[in-house]
Amino acid sequence: MAENIIIAHRGESYNAPENTLTAIIMAWERNIQAVEIDIQLTKDNQIVVIHDKDTLRISGKKKIIKKSLLKELKLLNAGFHKEGIWDHESIPTLSEVLNTIPDDGKLIIEIKIDDSILPILAHELSQANLSPTQIELIAFNAITLSKAKQLMPAYKMLWLLELDYWWPWWLVWINTKRIINKVKMLKLDGVDVWAGKLLNKSFISVFKEAGLYVYAWTVNEPEKARSLIENGVDGITTDKAGWMIEQLRITDYK
């Protein structure tokens with residue numbers, strides 16, 4: 001099993017507010033070696049860590065990220081959406097998150113907007129005291145990811161796919177070779193796939209045989225995670241990373 005097989009989705013988002021420094025640091029403190037975050041770009045060209053295009057869901061107040069200044073976003077309570085005492089959580093910048101990464105930690109960054117963010121992202125990552133193996137990039141937009149690969153070739157990049165989240169499994173299966181061809185044409189390193197019915201041993205094997213990595217999102221059931229690992233998946237994103245690792249460890253000793 002790869003050391004970074006379990007990935008904390010937006011940090012330890014089951015226990016703490018997603019994409020906050022508290023959730024991210026909680027993951028590192030629990031010895032989770034990979035954390036996934038989402039990034040957007042503010043009006044003043046600052047990279048912030050947030051999933052949505054606006055702040056309504058997480059803060060209760062609506063500010064559109066690309067139309068807001070960083071100082072405005074910093075005033076919001078990013079823990080509003082989570083039960084518990086999180087009133088002092090703020091939306092972090094990417095640079096703040098990069099500073100939390102331990103020597104053996106890996107940050108997986110989902111690019112949530114178009115390629116306008118890439119030069120700024122490349123600069124911030126170049127300023128961080130991290131090895132290329134500590135950063136991975138993912139995105140649903142394959143063209144944006146391809147441009148990122150051209151600009152930052154040292155980082156592993158995986159194309160996010162919903163597959164049978166929306167489409168019938170048989171239709172997606174027919175297009176598997178097309179997906180592989182596109183990944184290779186764009187010089188990407190693999191795929192990060194919704195953990196639906198299609199993500200079985202046969203599907204995973206086809207990608208692995210093509211020399212591509214396969215990650216899965218978002219898996220919160222230990223039985224499903226164990227099955228995916230046995231079928232050869234390289235990484236599993238989960239909202240309950242610390243708990244998931246413990247559950248898989250218990251299973252290993254049975």
Side-chain angles (χ1 to χ4, degrees), residues 2-11 13 18-19 24 27-28 32-42 45-53 65-66 92-102 104-163 179-180 182-194 207 211-218 233-238 241:
E3 290 185 350
N4 67 328
I5 194 78
I6 301 300
I7 303 161
H9 184 225
R10 307 175 194 173
S13 56
E18 64 178 61
N19 279 321
I24 292 162
W28 303 136
I32 299 159
Q33 292 187 314
V35 169
E36 182 265 356
I37 62 169
D38 307 284
I39 59 170
Q40 309 262 4
L41 195 62
T42 67
N45 288 325
Q46 301 296 310
I47 299 178
V48 288
V49 179
I50 181 172
H51 178 273
D52 300 351
K53 293 180 179 180
I65 304 300
K66 68 179 181 180
T93 62
L94 175 61
S95 60
E96 288 173 330
V97 173
L98 292 173
N99 287 332
T100 71
I101 302 175
D104 60 348
K106 177 178 292 188
L107 188 68
I108 300 172
I109 302 170
E110 181 177 347
I111 302 168
K112 300 299 293 185
I113 65 169
D114 61 29
D115 57 15
S116 62
I117 199 173
L118 297 182
I120 302 167
L121 176 59
H123 176 72
E124 289 203 19
L125 293 179
S126 71
Q127 298 302 302
N129 187 27
L130 299 166
S131 77
T133 59
Q134 289 184 275
I135 299 292
E136 296 181 5
L137 302 181
I138 59 176
F140 282 105
N141 190 314
I143 301 303
T144 294
L145 203 58
S146 176
K147 291 180 179 180
K149 190 67 168 178
Q150 295 172 31
L151 192 61
M152 298 170 278
Y155 301 131
K156 183 189 296 183
M157 302 197 188
L158 307 180
W159 185 19
L160 278 166
L161 298 172
E162 293 172 315
L163 298 187
I179 294 169
I180 291 173
K182 186 170 182 177
V183 170
K184 291 196 168 187
M185 179 187 70
L186 297 177
K187 301 187 185 306
L188 305 179
D189 301 285
V191 292
D192 192 347
V193 183
W194 179 64
F207 282 84
L212 300 173
Y213 290 93
V214 180
Y215 287 7
W217 59 273
T218 300
V233 80
D234 297 294
I236 292 175
T237 304
T238 175

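These figures come from a predicted structure and were not determined experimentally. The chain is numbered in sequence order, starting from 1.
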Participant: Please check if any side-chain donor atom of Y215 sits under 3.5 Å from a side-chain acceptor atom of E136, or the reverse.
Facilitator: yes
Participant: With side chains defined as the heavy atoms from C-beta onward, is the minimum distance between F207 and I179 less than 4.5 Å?
Facilitator: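 Answer yes - side chains close enough.
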Participant: Residues two or more places apart in sequence or in another chain: which of them pass side chain to side chain contact (heavy atoms under 4.5 Å, CB included) with Q134?
Facilitator: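 By the side chain to side chain contact (heavy atoms under 4.5 Å, CB included) rule, Q134 matches I101, L130, S131.
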Participant: Give the minimum heavy-atom separation between V35 and A27, together with the two atoms involved.
Facilitator: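 Smallest interatomic distance, heavy atoms only, reads CG2-CB, 3.6 Å.
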Participant: Give me the atom names and distance for the closest heavy-atom approach of E96 to T93.
Facilitator: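 The answer is OE1-N, 2.9 Å.
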Participant: Check residues 183-191 and write down every donor-acceptor pair under 3.5 Å in which the side-chain atom is one partner and the other belongs to a residue at least two apart or another chain.
Facilitator:
{"unit_1": "K184", "atom_1": "NZ", "unit_2": "A210", "atom_2": "O", "d": "2.9"}
{"unit_1": "D189", "atom_1": "OD2", "unit_2": "K149", "atom_2": "NZ", "d": "2.7"}
{"unit_1": "D189", "atom_1": "OD2", "unit_2": "M157", "atom_2": "N", "d": "2.8"}

Participant: Just by modelled atom types, is the I113 backbone N or O under 3.5 Å from a matching donor or acceptor in the Q40 side chain?
Facilitator: no
Participant: Going by side chain to side chain contact (heavy atoms under 4.5 Å, CB included), name the residues that satisfy it together with D114, two or more places apart in sequence or in a different chain.
Facilitator: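 Scan of D114 (side chain to side chain contact (heavy atoms under 4.5 Å, CB included), adjacent residues dropped) gives S116.
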Participant: With the side chain counted from C-beta on, respond yes when I111 and N141 share a heavy-atom pair under 4.5 Å apart, and no when they do not.
Facilitator: no
Participant: Determine the minimum heavy-atom distance between W28 and A34, stating which atoms define it.
Facilitator: CZ3-N, 4.2 Å
Participant: Between N19 and R10, is a side chain to side chain contact (heavy atoms under 4.5 Å, CB included) present by the stated rule, with each step listed?
Facilitator: CA-CA 5 Å; N19 279 321; R10 307 175 194 173; 3.7 Å; yes
Participant: Heavy-atom distance under 4.5 Å between the side chains of K53 and I65, does that happen here?
Facilitator: no
Participant: Flag the pair L98 / L125 as yes when at least one side-chain heavy-atom distance between them is below 4.5 Å, and no otherwise.
Facilitator: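 Answer yes - side chains close enough.
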Participant: Should L160 and W217 count as side-chain neighbours, where that means a heavy-atom distance under 4.5 Å?
Facilitator: yes
Participant: Could you tell me the separation between the OG1 atom of T42 and the CD1 atom of I117, rounded to the nearest 0.5 Å?
Facilitator: 9.0 Å
Participant: Can you find a heavy atom in the side chain of Q150 that is under 4.5 Å from one in the side chain of S146?
Facilitator: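 Touching, per the 4.5 Å side-chain cut-off.
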Participant: What's the verdict on side chain to side chain contact (heavy atoms under 4.5 Å, CB included) for M152 and I135, showing C-alpha distance, side-chain angles and the deciding distance?
Facilitator: CA-CA 11 Å; M152 298 170 278; I135 299 292; over 6 Å; no
Participant: Which pair of heavy atoms, one from L145 and one from I138, lies closest together, and at what distance?
Facilitator: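 It is CD1-C, 4.0 Å.
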Participant: Can you list the residues that meet the salt bridge (Lys or Arg N to Asp or Glu O under 4.0 Å) rule with E162, with sequence neighbours excluded?
Facilitator: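 None.
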Participant: For D104, enumerate each residue passing the side chain to side chain contact (heavy atoms under 4.5 Å, CB included) test, keeping only those at least two apart in sequence or located in another chain.
Facilitator: Q33, P102
Participant: Nearest 0.5 Å, what's the CD1-CG distance between I7 and D192?
Facilitator: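 With rounding to 0.5 Å, CD1 (I7) is 6.5 Å from CG (D192).
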Participant: The criterion is side chain to side chain contact (heavy atoms under 4.5 Å, CB included); which residues satisfy it with E124, sequence neighbours excluded?
Facilitator: I47, L94, S95, I120
Participant: Tell me the closest heavy-atom pair linking K112 and I50, and the distance in Å.
Facilitator: CG-O, 4.4 Å
Participant: Do you know the tightest heavy-atom contact between I24 and V97?
Facilitator: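 Answer, listing the atom of I24 first, then V97: CD1-CG2, 3.7 Å.
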Participant: Which value, rounded to the nearest 0.5 Å, describes the distance between I6 atom CD1 and I236 atom CD1?
Facilitator: 4.5 Å
Participant: Set out, in order, the CA-CA distance, both residues' side-chain angles and the distance that settles side chain to side chain contact (heavy atoms under 4.5 Å, CB included) for T237 and I108, then state yes or no.
Facilitator: CA-CA 10 Å; T237 304; I108 300 172; 5.9 Å; no
Participant: Whether the side chain of D115 engages the backbone of T144 through a donor-acceptor N/O pair (distance < 3.5 Å, no angle test) should be reported.
Facilitator: no
